[in-house]
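Here's the structure, in structure tokens; my notes come after.
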Amino acid sequence: MAFRLYDTRLQKQVEFTPLHPGEARIYNCGPTVYGIPHIGNFRSFLFADLLRRHLEWRGLKVTQVMNITDVGHLTEDDVADAQGEDKLQKAARDLGWDPFKVARHFEEIFHRDRKRLRIKDAHVYPRATDHIREMLVLIQKLLDNGHAYVPEGSGEVYYDLASFPKYGELSHKNVDELVAGARVEVDEKKRNPADFFLWKVDPGHLMQWDPHDSKLWEGFKGGQPKLDPRIKKGFPGWHIECSAMSMKYLGETFDIHTGGEDNIFPHHECEIAQSEGVTNKPFARHWMHTRYLLVDNKKMSKRAGTLFNLDDLVTKGYGEREVRYSMLANHYRQPMNFTLEGLDAARASVERLENCRALLMEQAVIPAQAGIQSSVQSLAGKLKHDFGEALDDDLNMPNALAALFGFVNEVNKLKPVGADAKLALDALDDVNRVLDIFDATAKSHLVTKDDGTALVVSAGTIDVAGLLARTSHDEESVKLLVAARFDARAKKDFATSDRIRDELKVRGVILEDTKDGVRFKLPQ
RNA sequence: GGUGGCGUAGCCAAGUGGUUAGGCAACUGAUUGCAAAUCAGUCACACGUCGGUUCGACUCCGACCGCCACCUCCA
């Protein structure tokens with residue numbers, strides 16, 4: 001079966017057939033870089049990462065574009081309001097940075113944190129401020145097409161919703177009802193209360209562009225266009241950047257557009273109106289949206305201290321892998337209840353997976369005495385099949401993980417050796433192309449009984465107390481301690497052997513006695 | 001008020017008109033010098049409430065209760 005996704009517009013699951021065979025072009029609504037991205041943002045980005053990885057796993061060539069919204073609506077007042085709320089923003093203000101510098105700063109943090117969460121690099125991260133010209137070109141085309149207008153003397157441009165009857169099809173909203181809701185700002189400039197601005201004039205705004213300045217158009221493909229002279233110095237509307245950048249990098253019609261559920265209206269609805277108003281062609285073929293992430297079943301809030309960012313969680317002792325796993329393990333279309341207890345559970349789950357993999361790695365290097373067992377082969381095949389089938393079903397990761405844990409249980413029972421272990425390991429690593437949960441740097445080693453015997457020869461000279469006194473341990477010193485422990489255990493000196501194990505545990509080094517020898521795990 | 005969605009055993013969380021989802025936690029047993037890891041088992045005759053349809057509903061329909069989101073440039 002092919003990949004099936006739930007399309008927000010159609011409100012049902014549909015089979016995905018790419019516009020260009022063998023290729024998928026996807027656009028993800030990215031971060032607004034005026035603050036440290038929080039876990040709610042990352043749920044959306046991790047979903048985009050999962051979508052991209054699954055499509056690639058299914059053999060498609062994916063082009064992924066994620067925008068960086070750096071045209072803020074950062075006025076002097078906003079900056080002032082931010083005081084005391086956000087340490088970095090406050091720092092930026094104290095340093096007297098201009099908005100561009102603030103944007104670049106938080107953009108860097110976004111990239112730093114997403115890399116820690118192993119979110120793959122998108123192919124392009126276009127910045128809104130680098131595409132003001134593309135936006136102005138679209139705005140002019142909308143004016144030419146009769147989809148936009150310039151209110152008398154305003155210098156601004158508004159979208160004329162009356163010209164686009166499809167407005168509301170994505171969010172299933174009725175424009176008249178929206179207006180009746182009376183929450184739309186009353187503005188005499190607008191023809192229709194629900195019309196939204198494409199270009200805004202506001203002298204108090206920190207970021208502004210003069211559309212008629214020839215400098216702005218230097219080096220622009222096609223040169224400076226003929227713009228409506230009534231448009232004054234100002235800044236673009238929020239929605240137009242995604243229309244301009246998605247179409248520039250993915251084409252006028254592309255496969256999938258994603259975002260958080262809050263983007264459905266008005267943002268994505270407006271994107272459709274703008275894009276299709278210009279091209280008269282379908283814009284995004286499919287829309288996928290993640291539900292909100294709640295913390296302790298409530299919306300995140302600064303006051304409750306639940307607006308966690310990645311560093312907050314790391315400070316609390318959690319690793320990036322636990323965060324990645326716990327977000328991935330929940331279905332994107334269900335509201336997710338994020339809790340610290342959930343991270344504890346995620347840690348235990350990841351460790352179970354990793355123990356299985358470590359065991360397979362140990363066994364894979366042992367020379368095989370026989371050929372591949374059909375049982376292992378069918379297990380590996382079943383894992384790939386069931387895992388893939390689950391993700392084909394609108395990225396049903398809970399079911400995909402159930403398949404994975406089923407595999408782990410069977411492998412632990414079978415205890416495959418040699419080529420069998422290698423086969424099982426390959427199957428694990430294959431699904432890990434999507435999950436990316438195993439730690440390549442995790443250090444789990446088995447010191448076999450034979451190794452131990454060899455090490456024990458020199459055990460008498462090992463400075464056990466000195467080694468234990470160290471604050472951290474490298475592989476070599478752990479091996480020496482393991483040797484001393486072999487020696488102690490041979491003499492039934494369990495006080496010493498337990499002391500070595502306990503002291504190492506405090507420093508994060510785990511020792512496990514097995515039939516084959518001693519396994520040690522170094523901290524990550 | 002309008003629209004969309006959710007309520008599943010201690011916690012998290014899939015799914016289905018009739019046969020064990022899965023994970024975590026806890027407990028018991030096997031294994032171990034003791035642990036850890038692993039295996040077996042228990043908690044699990046779970047599905048917000050009340051009606052209806054049906055041979056049979058957690059799954060379909062209706063009402064109600066509780067919760068969430070969007071309609072405010074929040075992923």
Side-chain angles (χ1 to χ4, degrees), chain A residues 8 11 28-32 35 37-48 69 71-73 168 171-185 194 196-197 200 237-239 258-267 269-270 289-294 297-301 307 325-326 329-339 341-353 355-356 358-359 390 393 396-406 408-409 411-413 415 444 489 492-495 497-498 501-502 505 510-515 518-519 521:
Chain A
T8 304
Q11 294 182 301
N28 316 120
C29 266
T32 302
H38 53 69
I39 51 174
N41 300 124
F42 277 118
R43 179 182 203 202
S44 172
F45 306 149
L46 275 164
F47 154 72
T69 298
V71 179
H73 298 270
S171 55
H172 310 99
K173 289 187 190 302
N174 181 307
V175 180
D176 297 332
E177 284 173 4
L178 287 175
V179 175
R183 295 189 107 174
V184 182
E185 189 186 344
F196 56 94
F197 70 85
K200 181 94 172 166
W238 174 41
H239 315 301
T258 75
E261 61 173 322
D262 54 311
N263 284 153
I264 299 171
F265 188 91
H267 186 50
E269 201 72 75
C270 294
H289 294 94
T290 53
R291 302 304 303 268
Y292 258 113
L293 174 145
L294 307 172
N297 273 318
K298 291 194 183 101
K299 192 168 177 176
M300 291 182 291
S301 78
L307 203 81
Y325 180 90
S326 91
N330 286 274
H331 190 96
Y332 78 93
R333 220 149 45 69
Q334 287 293 329
M336 175 183 171
N337 183 26
F338 183 92
T339 62
E341 295 72 36
L343 286 183
D344 290 327
R347 165 175 295 170
S349 300
V350 170
E351 275 174 11
R352 177 167 165 78
L353 296 175
N355 286 338
C356 177
L359 200 72
D393 180 20
N396 192 328
M397 186 58 92
N399 275 344
L401 288 175
L404 178 56
F405 280 102
V408 167
N409 180 247
V411 164
N412 284 336
K413 268 191 271 196
K415 298 186 177 68
S444 174
R489 292 183 75 214
K492 302 224 182 276
D493 176 7
F494 296 121
S497 79
D498 289 353
R501 189 173 61 196
D502 295 345
K505 192 179 177 185
I510 308 284
L511 295 190
E512 297 175 3
D513 296 320
T514 73
K515 278 199 171 74
V518 178
R519 179 179 301 120
K521 296 173 183 169

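These values consider heavy atoms only, across backbone and side chains, with no hydrogens, waters or symmetry-generated copies. To find a chain, count down the sequence lines: A is the first, B the second, and so on, and within it residues start at 1.
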Give me the distance, rounded to whole Å, that separates [N] from [M] when you measure between the [atom1] atoms they each carry.
{"N": "B/C47", "M": "B/A21", "atom1": "P", "result": "13 Å"}
{"N": "B/U28", "M": "B/G15", "atom1": "P", "result": "35 Å"}
{"N": "B/G52", "M": "B/C58", "atom1": "P", "result": "13 Å"}
{"N": "B/U38", "M": "B/A44", "atom1": "C1'", "result": "23 Å"}
{"N": "B/G23", "M": "B/A14", "atom1": "P", "result": "15 Å"}
{"N": "B/C11", "M": "B/U53", "atom1": "C1'", "result": "35 Å"}
{"N": "B/U49", "M": "B/C55", "atom1": "C1'", "result": "26 Å"}
{"N": "B/C12", "M": "B/U19", "atom1": "C1'", "result": "26 Å"}

Looking at every strand, decide which applies to [X] at a 4.0 Å heavy-atom threshold: base, sugar-phosphate, or nothing.
{"X": "A/Arg519", "value": "nothing"}
{"X": "A/Arg501", "value": "base"}
{"X": "A/His331", "value": "sugar-phosphate"}
{"X": "A/Glu341", "value": "nothing"}
{"X": "A/Gly342", "value": "nothing"}
{"X": "A/Leu404", "value": "nothing"}
{"X": "A/Asp344", "value": "nothing"}
{"X": "A/Ala345", "value": "sugar-phosphate"}

Contact nearer the 5' end of RNA chain B, comparing A/Asn412 with A/Asn399: A/Asn399
Residue closer to the 5' end of RNA chain B, A/Met300 versus A/Phe405 (nearest nucleotide): A/Phe405
Looking at [X], does any N or O in its side chain come under 4.0 Å of the phosphate oxygens OP1/OP2 on [N]?
{"X": "A/Asn396", "N": "B/G15", "answer": "yes"}
{"X": "A/Thr32", "N": "B/A75", "answer": "yes"}
{"X": "A/Tyr292", "N": "B/G5", "answer": "no"}
{"X": "A/Arg352", "N": "B/G22", "answer": "no"}

Rounded to whole angstroms, how far apart are [atom1] on [X] and [atom2] on [N]?
{"X": "A/Lys173", "N": "B/A69", "atom1": "NZ", "atom2": "P", "value": "14 Å"}
{"X": "A/His172", "N": "B/A69", "atom1": "NE2", "atom2": "C1'", "value": "16 Å"}
{"X": "A/Lys492", "N": "B/C34", "atom1": "NZ", "atom2": "C1'", "value": "12 Å"}
{"X": "A/Asn330", "N": "B/C11", "atom1": "CG", "atom2": "P", "value": "16 Å"}
{"X": "A/Tyr332", "N": "B/A13", "atom1": "OH", "atom2": "C1'", "value": "17 Å"}
{"X": "A/His267", "N": "B/U72", "atom1": "NE2", "atom2": "C1'", "value": "16 Å"}
{"X": "A/Leu293", "N": "B/A75", "atom1": "CG", "atom2": "P", "value": "13 Å"}

Among [options], which nucleotide has an atom closest to any side-chain atom of [X]?
{"X": "A/Gln11", "options": "B/G4, B/G33, B/G23", "value": "B/G4"}
{"X": "A/Asn41", "options": "B/A75, B/A69, B/A35", "value": "B/A75"}
{"X": "A/Asp262", "options": "B/C74, B/A37, B/A69", "value": "B/C74"}
{"X": "A/Ser497", "options": "B/C70, B/A13, B/G33", "value": "B/G33"}
{"X": "A/Arg489", "options": "B/A75, B/C34, B/A14", "value": "B/C34"}
{"X": "A/Asn263", "options": "B/U38, B/G22, B/A75", "value": "B/A75"}
{"X": "A/Ala348", "options": "B/A37, B/A25, B/C12", "value": "B/A25"}
{"X": "A/Asn409", "options": "B/C74, B/G33, B/C39", "value": "B/C39"}
{"X": "A/Lys413", "options": "B/A14, B/U38, B/C39", "value": "B/C39"}
{"X": "A/Ser349", "options": "B/G23, B/A75, B/A37", "value": "B/G23"}

Counting only distance, no hydrogens or angles, is the base of [N] paired donor-acceptor with the side chain of [X] under 3.5 Å?
{"X": "A/Arg43", "N": "B/A75", "value": "no"}
{"X": "A/Arg347", "N": "B/C24", "value": "no"}
{"X": "A/Lys299", "N": "B/C74", "value": "yes"}
{"X": "A/Asp513", "N": "B/C34", "value": "yes"}
{"X": "A/Asp498", "N": "B/G33", "value": "yes"}

Identify each atom pair where a protein N or O and an N or O of nucleotides 27-31 of chain B are less than 3.5 Å apart, giving names and distance.
none

Euclidean distance, [Y] [atom2] relative to [X] [atom1], rounded to 0.5 Å:
{"X": "A/Lys505", "Y": "A/Lys521", "atom1": "NZ", "atom2": "NZ", "answer": "11.5 Å"}
{"X": "A/Asn409", "Y": "A/Arg352", "atom1": "CG", "atom2": "CZ", "answer": "6.0 Å"}
{"X": "A/Asp344", "Y": "A/Ser326", "atom1": "CG", "atom2": "OG", "answer": "10.5 Å"}
{"X": "A/Phe197", "Y": "A/His239", "atom1": "CZ", "atom2": "NE2", "answer": "7.5 Å"}
{"X": "A/Arg489", "Y": "A/Phe494", "atom1": "CZ", "atom2": "CZ", "answer": "6.5 Å"}
{"X": "A/Asn41", "Y": "A/Thr32", "atom1": "CG", "atom2": "OG1", "answer": "8.0 Å"}

Is the backbone N or O of [Y] less than 3.5 Å from a side-chain atom of [X], with the two atoms forming a donor-acceptor pair by type?
{"X": "A/Arg519", "Y": "A/Ser444", "result": "no"}
{"X": "A/Glu261", "Y": "A/Tyr292", "result": "yes"}
{"X": "A/Arg333", "Y": "A/Asn396", "result": "no"}

Salt-bridge contact A/Asp498-A/Arg501 (side-chain N to carboxylate O under 4.0 Å): yes
Watson-Crick/G-U partner (both atom distances under 3.5 Å) of B/A69: B/U3
Validation row: A/His267, A/Phe265 side chains within 4.5 angstrom (heavy atoms): no
A/Phe494 over B/G33, stacked by centroid distance under 5.5 Å, angle under 30°: yes
Glycosidic class, syn or anti, of B/C45 using a 90° window around 0: syn
Identified side chain to side chain contact (heavy atoms under 4.5 Å, CB included) partner of A/Tyr325 from the options A/Leu343, A/Asn330, A/Leu401: A/Leu401
